[in-house]
Amino acid sequence: MDEQMLAREFTAAVRTEPPLGFDPDEVVTRVARRRHRRRTILLACAGVVVAAAVAAVAIPRAGVPAQPASPGGAPRIVPSAGERWWPPGTGEIVQPSDARISAQAPRIAEHLEEVLRKMRPPAEPIRRDSLTSAHFGGIMPTSQRGVAITERGGPEATGYSLTVEVFVPTNPVTRFQPRQLCAEMKVQITPSTTCRYADVGTSGILMTSEADTPDREGTMQHGITVTDFRADGSYVVVSLGGTVGVRGPLPLTAEELATLARDPGLTL
């Protein structure tokens, strides 16, 4: 479902203020590459890459996941219009070393599979498709560093594909608003993309996207992506789609993907 991953990946470039800082031709080239890698990278900068969305303009509370319990009190999650700026502060992000990212990759992948096996039926097969830790080039003036994992679940011929990416944008990072990213997604990917946003605590953002796009065999595929832009400047992208040529219901809801994206074990 290489094509389907494109639905959950998009170039979020801001056509109004703040000004853009990238070449549109490079955007198209980069999106094509990502389509073949089944990746859904989003990057924060004035024209960032993002995977997000699910309701447009009006944001129903029903789509916002319940707050997870935590000893210090869970941050409040409030539906919003996507106007909060991210990353918080000046946009300078603490950068983990390459050695740390490489060391964390297997741990993150194992943790992801543990969580998935609790969310899915015990007998359902889950197969790791890829695990990569690297410095990923971005389409904007910023790139990102982190870990990308793709898992396949269910029957080989009719299952689903789940990509989870844990990233930090490289400095300097230009701040953006979620609504700007969604507007560009409608232009670059499909006008039917829907978006919703939620403010998390005082500095985080939760974005969800859903869209129907044709895969390489021409089958319309429904895809969902949830991104947790965290208060520390890191972010987690969780994207779910089906198998190329097979249209069917997805095994996880947007709310379940949001819970997965916010899992504290998915961190560098």
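Nothing here was measured: the structure is a model prediction, and the numbers come from that model.
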What heavy-atom pair brings [X] and [Y] nearest, and what distance separates the two atoms?
X: G233; Y: I93; answer: CA-CD1, 3.5 Å
X: T225; Y: S239; answer: OG1-OG, 2.9 Å
X: V94; Y: V168; answer: O-CG1, 4.5 Å
X: L268; Y: G146; answer: CD1-CA, 4.1 Å
X: E256; Y: T253; answer: OE1-N, 2.8 Å
X: R175; Y: P88; answer: NH2-CA, 4.3 Å

Run the ring-centre check on F176 versus F229 and record whether the distance is less than 6.0 Å.
yes
Quick one, [X] and [Y] - any side-chain contact, counting heavy atoms below 4.5 Å?
X: Q95; Y: T170; value: yes
X: T213; Y: H222; value: no
X: V147; Y: E165; value: no
X: E184; Y: I189; value: no
X: I224; Y: L250; value: yes
X: R196; Y: P79; value: no
X: P122; Y: R117; value: no
X: T190; Y: D212; value: no

Could you check whether any side-chain N or O of [X] sits under 3.5 Å from a backbone N or O of [Y], counting only pairs where one atom can act as donor and the other as acceptor?
X: T259; Y: E255; value: yes
X: R76; Y: G201; value: no
X: S102; Y: A99; value: no
X: E113; Y: E110; value: no
X: N171; Y: V173; value: no

Decide whether [X] and [Y] meet the rule of one side-chain donor and one side-chain acceptor closer than 3.5 Å.
X: T243; Y: R152; value: yes
X: Q177; Y: Y197; value: no
X: S143; Y: H135; value: yes

Side chain to side chain donor-acceptor pair (under 3.5 Å) between T150 and T163: does it pass, once the steps are laid out?
CA-CA 4 Å; T150 300; T163 296; 3.2 Å; yes
Given side-chain contact (heavy atoms from CB on, under 4.5 Å), test T193 with E210 step by step and report yes or no.
CA-CA 6 Å; T193 299; E210 296 195 31; over 6 Å; no
For atom CZ of R100, decide whether the heavy atoms of other residues, nucleotides or ligands shown that lie under 6.0 angstrom number more than 12.
no
Does a salt bridge link D232 with R230, judged by any charged N lying under 4.0 Å from a carboxylate O?
no
Could you tell me the separation between the [atom1] atom of [X] and the [atom2] atom of [Y], rounded to the nearest 0.5 Å?
X: S161; Y: D129; atom1: OG; atom2: CG; answer: 6.5 Å
X: R145; Y: S234; atom1: CZ; atom2: OG; answer: 13.0 Å
X: Q221; Y: R247; atom1: CD; atom2: CZ; answer: 7.0 Å
X: L181; Y: M207; atom1: CG; atom2: CE; answer: 5.0 Å
X: S130; Y: I149; atom1: OG; atom2: CD1; answer: 8.5 Å
X: L206; Y: T227; atom1: CG; atom2: OG1; answer: 8.0 Å

Starting from L162, can I reach V246 by hopping between I/L/V/M/F/W/Y residues whose side chains sit under 4.5 Å apart?
no
Counterpart residues, side-chain contact (heavy atoms from CB on, under 4.5 Å), relative to V115 (two or more places apart)
H111, M119, L260, D263
Is there a side-chain contact (heavy atoms from CB on, under 4.5 Å) between Y235 and D228 once you walk through the steps?
CA-CA 5 Å; Y235 60 101; D228 182 27; over 6 Å; no
What pairs meet the salt bridge (charged side-chain N to carboxylate O under 4.0 Å, His left out) rule with one or both residues in residues 78-89, with sequence neighbours excluded?
E83-R179, R84-D199
